[in-house]
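We use all heavy atoms of the structure for the numbers below, so side chains are in, but hydrogens, waters and symmetry mates are not.
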Amino acid sequence: MHMHKTILLQLALAVILALNSSPLMAQNDDAATPQPRHRQYTKDHPLVYEDVWDLWPYSFLNDNGEPEGYNIDLIRLMMDRLNIPYVIKLKSAEETFNDLKSGKSDLTLGLAVGYHDEYGLYGKNAVTLFTQSVVTPKSKPVQIKTFRDLGKPGMQVIVNSNSMCYHLMLDYGWGDNAIPRKDIREVIQQLSAREEGQIVWNTLTLKWLMHRYLIDNLQLTPVNMPHGEYKFISNDQHLLGGAEAVAGQVVLP
């Protein structure tokens with residue numbers, strides 16, 4: 001927890017240094033010559049940050065239905081320190097990216113991958129890297145250790161339907177091996193109860209879910225495959241320029 005707060009504080013300070021003169025700043029009515037900007041963020045028209053509700057521990061809805069996670073803490077620190085009016089909304093991945101594309105939202109964090117290209121521009125620097133792991137029953141041998149193992153005949157594996165892993169499997173023609181699911185939170189509990197099946201997804205998310213639901217009969221094994229670069233995404237060039245200045249400063253867990 002202490003490391004978490006330290007990282008977020010460093011990020012917030014980096015934002016302040018990078019954006020103090022940035023067009024991202026809310027308009028100052030007293031300023032004689034306000035900085036040019038792509039869009040003004042005011043109380044009446046705040047910055048809208050959207051993220052997904054099911055990427056634990058980065059962004060998720062807590063037991064009270066409120067936004068929580070590393071991403072949410074980061075955005076709150078950034079905007080509060082800079083006095084930028086903002087709102088945070090968590091939705092499905094499809095809604096999040098469609099809202100960004102249509103202009104209903106201004107900023108999100110996501111994987112810099114081809115299937116996200118149509119929704120917005122990426123920051124130059126990765127905020128963090130997503131590694132992949134496989135969750136299997138401890139009573140079963142681990143069959144997936146490298147990316148190519150996902151393509152073995154009959155290698156059935158559960159994947160998040162919006163994940164990089166699923167898209168890569170489709171790209172490589174291994175779609176028949178993939179079992180796409182939307183709610184991995186429910187799936188991992190079912191896998192634990194039945195001790196049958198395997199899930200490949202983001203390492204930290206799977207680890208968090210196992211801890212959250214006190215699952216001790218499953219094991220987590222790293223899969224040697226491409227990492228995902230997690231970056232700011234926006235269609236506001238000025239906003240993105242400020243946000244990406246943060247991304248290169250500190251790597252989140």
Side-chain angles (χ1 to χ4, degrees), residues 1-4 51-65 68-72 90 92-94 109-111 113 115 126 128-230 251-253:
M1 180 63 73
H2 177 71
M3 181 178 293
H4 180 126
D51 212 327
V52 296
W53 64 266
D54 57 354
L55 188 62
W56 308 272
Y58 296 96
S59 62
F60 61 97
L61 293 172
N62 62 24
D63 293 339
N64 296 320
E68 190 172 322
Y70 292 134
N71 296 359
I72 309 308
L90 299 190
S92 69
E94 182 179 6
L109 276 160
L111 290 174
V113 286
Y115 56 90
T128 192
L129 296 177
F130 278 5
T131 63
Q132 311 297 306
S133 291
V134 60
V135 164
T136 56
K138 289 182 178 179
S139 58
K140 308 283 185 181
V142 179
Q143 296 179 296
I144 298 175
K145 296 181 179 179
T146 70
F147 177 61
R148 292 191 177 277
D149 290 336
L150 295 169
K152 291 180 179 178
M155 183 61 72
Q156 295 286 289
V157 58
I158 299 168
V159 292
N160 183 286
S161 56
N162 296 305
S163 69
M164 181 184 74
C165 182
Y166 181 42
H167 283 272
L168 283 173
M169 290 181 73
L170 293 177
D171 290 345
Y172 277 78
W174 303 337
D176 289 344
N177 285 357
I179 306 172
R181 293 289 184 267
K182 289 186 177 181
D183 193 349
I184 299 298
R185 174 180 53 182
E186 178 181 337
V187 170
I188 198 170
Q189 293 177 79
Q190 293 173 347
L191 194 155
S192 175
R194 299 170 184 171
E195 295 198 7
E196 189 68 39
Q198 50 191 351
I199 306 168
V200 173
W201 199 20
N202 173 46
T203 300
L204 193 55
T205 302
L206 292 172
K207 184 176 181 179
W208 189 94
L209 288 172
M210 290 172 65
H211 177 75
R212 170 66 175 78
Y213 295 106
L214 305 176
I215 295 173
D216 60 5
N217 63 338
L218 302 180
Q219 58 188 336
L220 190 67
T221 305
V223 177
N224 186 7
M225 62 181 292
H227 297 337
E229 293 190 335
Y230 200 48
V251 177
L252 285 173

Shortest non-hydrogen contact from [X] to [Y]?
X	Y	value
S161	P180	CB-CB, 4.0 Å
S59	V52	OG-O, 2.7 Å
V159	S163	CB-OG, 4.2 Å
W201	L209	CZ3-CD1, 4.4 Å

With the threshold set at 4.0 Å, does a side-chain nitrogen-carboxylate oxygen contact exist between D63 and R212?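 Result for this pair is yes, salt bridge flagged.
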So, for F147 and W174, is the gap between ring centers shorter than 6.0 Å?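 Yes, close enough.
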Establish, from distance only, whether the side-chain atoms of N71 and Y230 form a donor-acceptor pair under 3.5 Å.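 Y230 and N71 do have a side-chain donor-acceptor pair below 3.5 Å.
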So, S192 and N217: side-chain donor and acceptor under 3.5 Å apart, yes or no?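 Side-chain D/A pair, S192 to N217: present.
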Candidate list V157, T146, D149, I144, test side-chain contact (heavy atoms from CB on, under 4.5 Å), partner V223, passing option: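 Filter result, single survivor: I144.
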From the options K140, M155, Q156, select the one residue that forms a side-chain contact (heavy atoms from CB on, under 4.5 Å) with Q198.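 Single side-chain contact (heavy atoms from CB on, under 4.5 Å) partner of Q198 among K140, M155, Q156: M155.
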With a 3.5 Å distance limit and no angle check, can you tell me whether [X] reaches the backbone of [Y] through a side-chain donor-acceptor pair?
X	Y	value
T131	T203	no
N202	F130	no
D54	D183	no
Q190	R185	no

As a quick check of understanding, evaluate side-chain contact (heavy atoms from CB on, under 4.5 Å) for Q219 and V135, giving each step before the final call. CA-CA 6 Å; Q219 58 188 336; V135 164; over 6 Å; no
As a quick check of understanding, evaluate side-chain contact (heavy atoms from CB on, under 4.5 Å) for I215 and L191, giving each step before the final call. CA-CA 10 Å; I215 295 173; L191 194 155; over 6 Å; no
Set of residues satisfying side chain to side chain donor-acceptor pair (under 3.5 Å) with respect to S92, sequence neighbours excluded: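 For S92, the residues satisfying side chain to side chain donor-acceptor pair (under 3.5 Å) (neighbours in sequence not counted) are E95.
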Under the side chain to side chain donor-acceptor pair (under 3.5 Å) rule, collect the residues that match up with N160, sequence neighbours excluded.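 Side chain to side chain donor-acceptor pair (under 3.5 Å) check on N160 returns nothing, list empty.
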Which atom pairs, donor and acceptor, lie under 3.5 Å between side-chain atoms of residues 165-172 and protein residues at least two apart or in another chain?
none

Intermediate values then yes/no, side-chain contact (heavy atoms from CB on, under 4.5 Å), V134 and V142: CA-CA 8 Å; V134 60; V142 179; 4.2 Å; yes
Evaluate T128 against Y70 for side-chain contact (heavy atoms from CB on, under 4.5 Å), listing each step before the verdict. CA-CA 11 Å; T128 192; Y70 292 134; over 6 Å; no
Quick one: pull up CD in Q132 and CG in L206 and give me the separation to the nearest 0.5 Å.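 Interatomic distance, Q132 CD to L206 CG, rounded to 0.5 Å: 8.5 Å.
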